[in-house]
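Okay, structure first, notes after.
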Amino acid sequence: MLGFEPVVAPLLAIHPLPRPGPDLTGVAALAFTSRNGVAAFAALSDDRALPVFTVGDATAEAARAAGFVRVRSAAGAIDDLVRLLSAEAPAGGLVLAPGALEPAGDLPALLSGRVEVRALPVYKAVGTGAAAPAAFDAVLVHSPRGGRALAALLTVGGAVGRAAVAISEAAAAPLAAVAGLDIRVAAHPDEAALFEALGKPAPRV
């Protein structure tokens, strides 16, 4: 992969929350901020008729793969989703936002006074306790929670000469205090920009 040898060492595991199927009475649309939210909600409800708004294209693809037909992507970060919902959410209807038990952003608060949004926790992210590989050059960070888990894992001096490539400023923020870590942020919050920020490894000398 771009000259790197990939090592899979997940710092977080996703666990769906046990709960009854959601009551969709009065719900005019759904808003998803992650593929995990789509998967967990789809397992709880057979309804695929509601219009769906997503934070980015990967989440939109996951929604379509789950059977949703009317899907609009904000193609960005949570602020872009806020703008999309402000402009296009059904008037007078409730927007249900299935997502994490501890979300990175507070969508109902960000849309307060403009669109009525109700959060529905459908999954939680739990630390795996995985140890960092003995040797690595770079790590990809996809969320603020992942950034916090990585920051807790890196020992003093253990980050020197290593890079963390974050999908957003929010994902990078917990790593700011890690001494010696080269922090890079993707120009756009998607996988293509993440790999572009990763670049290629420096030649061995």
Side-chain angles (χ1 to χ4, degrees), residues 1 4-19 31-41 54-59 62 74 76-82 97-111 117 119-199:
M1 183 186 71
F4 289 92
E5 179 183 348
V7 176
V8 179
L11 299 181
L12 300 174
I14 302 301
H15 296 287
L17 295 174
R19 60 177 306 137
F32 293 108
T33 57
S34 73
R35 289 172 287 186
N36 295 321
V38 172
F41 177 83
T54 70
V55 69
D57 294 341
T59 306
I78 193 167
D79 290 340
D80 300 292
L81 180 58
V82 167
L101 182 63
E102 299 178 18
D106 190 344
L107 195 60
L110 290 170
L111 282 160
V117 179
L120 177 69
V122 291
Y123 74 90
K124 62 180 178 179
V126 179
T128 63
F136 68 92
D137 296 302
V139 59
L140 304 180
V141 183
H142 289 83
S143 69
R145 182 73 183 270
R148 292 195 296 272
L150 178 62
L153 191 63
L154 293 175
T155 59
V156 176
V160 175
R162 292 169 169 170
V165 187
I167 200 164
S168 66
E169 293 286 356
L175 298 165
V178 180
L181 185 65
D182 174 17
I183 301 173
R184 308 172 195 168
V185 180
H188 196 71
D190 59 35
E191 291 293 318
L194 189 69
F195 287 128
E196 184 176 350
L198 172 62

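One-based numbering along the sequence shown.
The heavy-atom pair separating Phe41 from Pro98 by the smallest distance is CD1-CG, 3.5 Å. Smallest separation of non-hydrogen atoms from Ala151 and Pro174: CB-O, 3.5 Å. Heavy atoms only, all atoms of each residue included: Val165 and Ala197 are closest at CG1-CB, 3.6 Å. Across every non-hydrogen atom of Lys124 and Leu101, the tightest pair is CB-CB, 4.1 Å. When all heavy atoms are compared, the tightest approach of Ala193 to Ala187 is CB-N, 4.2 Å. The two residues Ser168 and Val185 come nearest to each other via the heavy atoms C-CG1, 3.6 Å.
For the atom pair Ile183 CD1 and Glu169 CD, the distance stands at 10.0 Å (nearest 0.5 Å). Atoms CG and NE2, on Leu194 and His188 in that order, are 12.0 Å from each other to the nearest 0.5 Å.
The side-chain contact (heavy atoms from CB on, under 4.5 Å) test applied to Ala40 returns Val122, Tyr123, not counting sequence neighbours. Annotation: salt bridge (charged side-chain N to carboxylate O under 4.0 Å, His left out) contacts of Arg35 (sequence neighbours excluded): none. Asp79 is linked by a salt bridge (charged side-chain N to carboxylate O under 4.0 Å, His left out) to nothing, counting only residues two or more places apart in sequence or in another chain. The side-chain contact (heavy atoms from CB on, under 4.5 Å) test applied to Ala163 returns Ala138, Asp182, Arg184, not counting sequence neighbours. Residues satisfying the side-chain contact (heavy atoms from CB on, under 4.5 Å) test with Ala119, not counting sequence neighbours, are Pro108.
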Before you tell me yes or no, could you show the steps for Ile78 and Leu107 under side-chain contact (heavy atoms from CB on, under 4.5 Å), namely the whole-Å CA-CA distance, both residues' side-chain angles and the distance that decides it to 0.1 Å? CA-CA 8 Å; Ile78 193 167; Leu107 195 60; 4.0 Å; yes
Anything under 3.5 Å between a donor and an acceptor, one on a side chain of residues 7-19, the other on a protein residue two or more places apart or in another chain? List them.
from  : atom 1 : to     : atom 2 : distance (Å)
Arg19 : NH1    : Pro121 : O      : 3.0

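Looking at heavy atoms from C-beta onward, Thr54 lies out of side-chain contact with Leu81 at the 4.5 angstrom threshold.
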